[in-house]
> 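Here it is, the structure, as structure tokens.
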Amino acid sequence: MEFSTQTTASLHQIKTAALAVGVFTDGVLGTAADIIDRASNGALRAVVKTEFKAKPNTHLVLRNLPGVTAARVILIGLGKQDSYNAAAHAGAELAFANYCAGADLAEGVSTLAAIDCPGTKIRARARAAAVAAGRATYRYNATLSEKRDPAPKLKKITLSVTRAQATEAQHGLREGRAIANGMNLTRLLGDLPPNVCTPAYLGNTAKKMAKEFKSLKAEVLQQKQIEALKMGSFLSVARGSYEPPAFIILKHTAGAKTAAKDRKAPIVLVGKGITFDAGGISLKPAANMDEMKYDMCGAASVLGTLRSVAELELDRDVIGIIPACENLPSGRANKPGDIVTSMSGQTIEILNTDAEGRLVLCDALTYAARFKPAAVIDIATLTGACVVALGHINTGLFSPSDELAEGLLQAGRDANDTAWRMPMDDAYQEQLRSNFADVANIGGPPAGAVTAACFLSRFAKDYPWAHLDIAGTAWRSGKDKGASGRPVPLLVQYLLGQVS
Ligand code: BES
Ligand code: MN
Ligand code: ZN
């Protein structure tokens, strides 16, 4: 897909297959729609009065408008003008991209988005357009024998801008494309079945990325090396399955623009990589257990984010760390009551083998300290309790650091990939008390997402740290089951703000 900008004052004279213009409810035309309306002698206003109500996520195709060169003008419903914001704008961009992807427009012709969004900067608008185009063209085909729904070819998206906006718009398109490519990698890894997307597969994906991008270096530690690091907690989860574990380190090094001595400390991303979570001996019920193939979406978002970062040649060191294994019941598996020793030296009483995410993450958090990071952010499909608390709208954000938390919340708002901050008071730590070990791996039913975060905090004392619980946001269930690519937009947006 190609993204470009076009500076023109005369929207009605652009030669294109599809020109999108935004319309608000109550008949209010956006600036672009207004230009087209004048050029076509009021054709738009007439349609808006009669048949187009401009509700969000709706569109109407107009062909051969008099006085307009574009083959089609697509009216995009923007909803009410006073409630229009970045989220509504992202929806409008997606409606247009979905139309273009689905309409099978003649190949080789450009499509042109001119959805104006008052109050939004051109760079963010451009970014949203490119992300929407990437979203609209993702199709899962990897394990379908007959390509059921081939990925649509969206040849070209051109943004209509003023001369003064052109540079910013190009930056936005480049960022959006990188985010979309990262999200689509994250989605594919999530959607792949657990007998394909194994720990080794995640490791090979990291190695392949390192071959493709100069700035990336991958290292995949095997069982023996993980043992040498004394990751007793991570290894205890991996013990129950035939598939061997992998501990993946993927490093992005900032370009030579900044001298090594002036480089800021790296930002470390830690992703939960449980490629299938059956619960272990504390076995999960059968219904919907297939969805536990998505229990590696934290890992997938780390790989997707590093892909974006590498494509953007981001001027900041970023390190991805992924503890990857399965969580299955077997004669060698963890049992309730087992006590394991983590890499940090803290002993852990495993009261429920299904609370395995924290058991693999704690050792990765200990390992992360060796990079003297400026910040560590872990991403995990950690608790069903987080889905109860926040549903499928907001990612759960936990951090003792107000500064890091605010930075991530703002990035989520800017990227239309929002998070909601949850409490982490010390008082919750008491629920993790064990009579037989330093800490228990569960804290009882109340505040399950919070006590999971509190467990992790005990292993993240040496650096500013935040935890993103994506159990509700990483994938959709039901008829449209599929990975979402979240929170790649939030993470890339945050990292873009942290360059040297
Ligand atoms: N991977 C699950 C969390 C999960 C459940 C994510 C449902 C998305 C949907 C995690 O490993 C888990 O099983 N957590 C337990 C923790 C409990 C035993 C304290 C849970 O949430 O039930
Ligand atoms: Mn589990
Ligand atoms: Zn899990």
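Remember, it's 1-based here, ligands and their atoms both numbered in the order they're listed. FYI, the numbering just counts along the sequence from 1.
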> Record the part of K272 in heavy-atom contact with ligand 1 below 4.0 Å; permitted values are side chain, backbone, both and neither.
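For K272, the contact with ligand 1 is made by the side chain alone.
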
> Need the ligand 1 atom indices (1-based, order shown) with element for anything under 4.0 Å from a heavy-atom of N352.
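Counting atoms of ligand 1 from 1, those under 4.0 Å from N352 are 18 (C).
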
> So what does the D277 OD2 - the Zn ion (ligand 3) - D295 OD2 angle come to, to 10°?
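Roughly 90°, rounded to 10°.
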
> Using 4.0 Å as the upper bound for N to carboxylate O, is an ion pair formed by K284 and E291?
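Looking at K284 together with E291, the answer is no, because their closest N to O distance does not fall below 4.0 Å.
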
> Does ligand 1 have a heavy atom under 4.0 Å from the side chain of D277, from its backbone, from both, or from neither?
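It is the side chain that gets close, since no backbone atom is under 4.0 Å.
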
> With a 4.0 Å cut-off on heavy atoms, does F276 reach ligand 1?
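No, F276 has no heavy atom closer than 4.0 Å to ligand 1.
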
> Can you tell me which portion of V387 lies within the under-4.0 Å heavy-atom range of ligand 1? Options are side chain, backbone, both, or neither.
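Neither part.
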
> Distance alone, cut at 3.5 Å: any donor-acceptor contact between the side chains of T473 and T395?
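The criterion, which ignores hydrogens and geometry beyond distance, is satisfied for T395 and T473.
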
> Work out whether the distance between some heavy atom of K284 and some atom of ligand 1 is less than 4.0 Å.
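Per 4.0 Å heavy-atom rule, K284 contacts ligand 1.
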
> Could you tell me which N, O or S atom of E356 is nearest to the Mn ion (ligand 2)?
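Nearest N/O/S atom of E356: OE1.
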
> Nearest N/O/S atom of D277 with respect to the Mn ion (ligand 2), by atom name, please.
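Relative to the Mn ion (ligand 2), the closest nitrogen, oxygen or sulfur of D277 carries the name OD2.
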
> With carbon and hydrogen excluded and only N/O/S kept, which atom of E356 is nearest the Zn ion (ligand 3)?
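Going by distance to the Zn ion (ligand 3), the closest N, O or S atom in E356 is OE2.
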
> Indicate whether atom 11 (O) of ligand 1 is within a distance of less than 4.0 angstrom of some protein heavy atom.
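So far as the 4.0 Å threshold goes, atom 11 (O) of ligand 1 is in reach of a protein heavy atom.
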
